[in-house]
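Working notes for the structure below.
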Amino acid sequence: MATEEREFTLPGAHLPQPDEELRTRREAVVIEHTVAEGAGDIDAVLATFPRGGVYRVTAFEESPLIGEEAIKEGYFAALHKTFPVADHSLLHAHHTPTAVIVEAQFRARQEADWRGIPNRGKTVDAPVAIFFHFDGDVLIDKTLYFDMATFARQLA
């Protein structure tokens, strides 16, 4: 099968990479956000979004969670009930012109039913990718990517 030559440009390829100062400021926001989340301080997590929080949890196949109450009730309430003690091991950080992408490993023991997965007291140990999207050094939204099938299989 022959391939045709065609021009293809990656989206955002024309944007400049962040300089060291901007990378450092963005990393500080990601660290503040992650430490607050690990400590269960949801108000501090939401404070890292100066323009108001937006969470996109792709595994849930639902609309974005926009605003404090939607994020607290639509994400954190069930997550903390189900996995009250969770370990988020951050493995790698990648910088793009508009985001910091973090590869992580999520480990936790299930202590309540969650999204159709009955509680059997088992532990999940699964990879997660988190995209922190920025406007300059201002965090504007967070998108989480993980595989619900992996969670369901490990917790079954």
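In this text the structure is predicted, and so the values were computed from the model without any measurement. In this chain, numbering begins with 1 at the start of the sequence shown.
- Linking ILVMFWY residues whenever their side-chain heavy atoms come closer than 4.5 Å, directly or via other members, places Leu46 and Leu144 in the same cluster.
- Between the side chain of Asp137 and the backbone N or O of Leu22 there is no donor-acceptor pair closer than 3.5 Å.
- Atom NZ of Lys72 and atom CG of Leu79 lie 15.0 Å apart (nearest 0.5 Å).
- Annotation for Ala108 and Val85: closest pair CB-O, 3.6 Å, computed over non-hydrogen atoms.
- In this structure, the side chains of Gln110 and Val124 stay at 4.5 Å or more apart for every pair of heavy atoms.
- Of the possible donor and acceptor atoms, one in the side chain of Gln154 sits under 3.5 Å from a partner among the backbone N and O of Asp125.
- Shown here are the salt bridge (Lys or Arg N to Asp or Glu O under 4.0 Å) partners of Arg51, two or more places apart in sequence or in another chain: Asp135.
- The aromatic ring centres of Phe76 and Tyr55 sit less than 6.0 Å apart.
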Next item on the list: Start with the C-alpha gap between Arg115 and Thr82, add the side-chain angles, then the distance that decides, and say whether side-chain contact (heavy atoms from CB on, under 4.5 Å) holds.
Entry: CA-CA 10 Å; Arg115 297 188 119 0; Thr82 306; over 6 Å; no
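- Residue Tyr145 belongs to a hydrophobic cluster whose other members are Ile101, Phe131, with links defined by side-chain heavy atoms closer than 4.5 Å.
- From Leu15, atom CG reaches atom CD of Gln17 across 8.5 Å, with rounding to the nearest 0.5 Å.
- Under 4.0 Å is where a charged nitrogen must lie from a carboxylate oxygen, and between Arg25 and Asp19 no such pair does.
- Residue pairs meeting the salt bridge (Lys or Arg N to Asp or Glu O under 4.0 Å) criterion with at least one partner in residues 74-88, sequence neighbours excluded, are Asp87-Arg107.
- Closest of all the heavy-atom pairs between Ala44 and Ala36 is CB-CB, 3.6 Å.
- The number of heavy atoms from other shown groups lying within 6.0 Å of CD (Glu20) does not exceed 12.
- In plain terms, the two heavy atoms of Ala104 and Leu90 that are nearest each other are CB-CD2, 3.9 Å.
- The two residues Pro84 and Glu111 make their nearest non-hydrogen contact at CG-OE1, 3.4 Å.
- Separating the OG1 atom in Thr96 from the CZ atom in Arg26 is a distance of 6.5 Å, to the nearest 0.5 Å.
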Next item on the list: Show your working on side-chain contact (heavy atoms from CB on, under 4.5 Å) between Phe49 and His33 and close with a plain yes or no.
Entry: CA-CA 9 Å; Phe49 294 98; His33 181 99; 3.6 Å; yes
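- Leu139 and Phe134 make their closest contact through N-CD2, 3.6 Å (heavy atoms, listed as atom of the first residue, atom of the second, distance).
- The backbone N or O of Glu62 sits nowhere less than 3.5 Å from a side-chain atom of Arg56 that would complete a donor-acceptor pair.
- Between His14 and Thr9 there is no side-chain heavy-atom pair separated by less than 4.5 Å.
- You'll find the side chain of Met148 reaches within 4.5 Å of the side chain of Ile117, heavy atoms only.
- Under the 4.5 Å side-chain contact rule for hydrophobic residues, Phe60 and Val54 do not share a cluster.
- Both Tyr75 and Phe146 sit in one connected hydrophobic cluster of ILVMFWY residues. Membership requires side-chain heavy atoms under 4.5 Å apart, directly or through other members.
- Here the CG-CG distance, from Asp113 to Leu155, works out to 11.0 Å after rounding to the nearest 0.5 Å.
- Put simply, the side chain of Ile130 reaches to within 4.5 Å of the side chain of Lys142, judged on heavy atoms.
- Contact of the Phe132 side chain with the Thr48 side chain is not registered, since no non-hydrogen atoms from C-beta on lie closer than 4.5 Å.
- Residues Ile42 and His80 are in side-chain contact: their nearest non-hydrogen atoms beyond the backbone lie under 4.5 Å apart.
- Remark: Asp141 CG to Ile66 CD1 distance equals 9.5 Å, nearest 0.5 Å.
- Using a 4.5 Å heavy-atom threshold, the side chains of Thr143 and Thr58 count as touching.
- Atom CD of Glu61 has 12 or fewer heavy atoms from other residues, nucleotides or ligands within 6.0 Å.
- Within the 4.5 Å cutoff, the side chain of His94 has heavy atoms near those of the Glu103 side chain.
- Taking all atoms of both residues into account, the shortest heavy-atom contact from Phe151 to Ala126 is CE1-CB, 3.7 Å.
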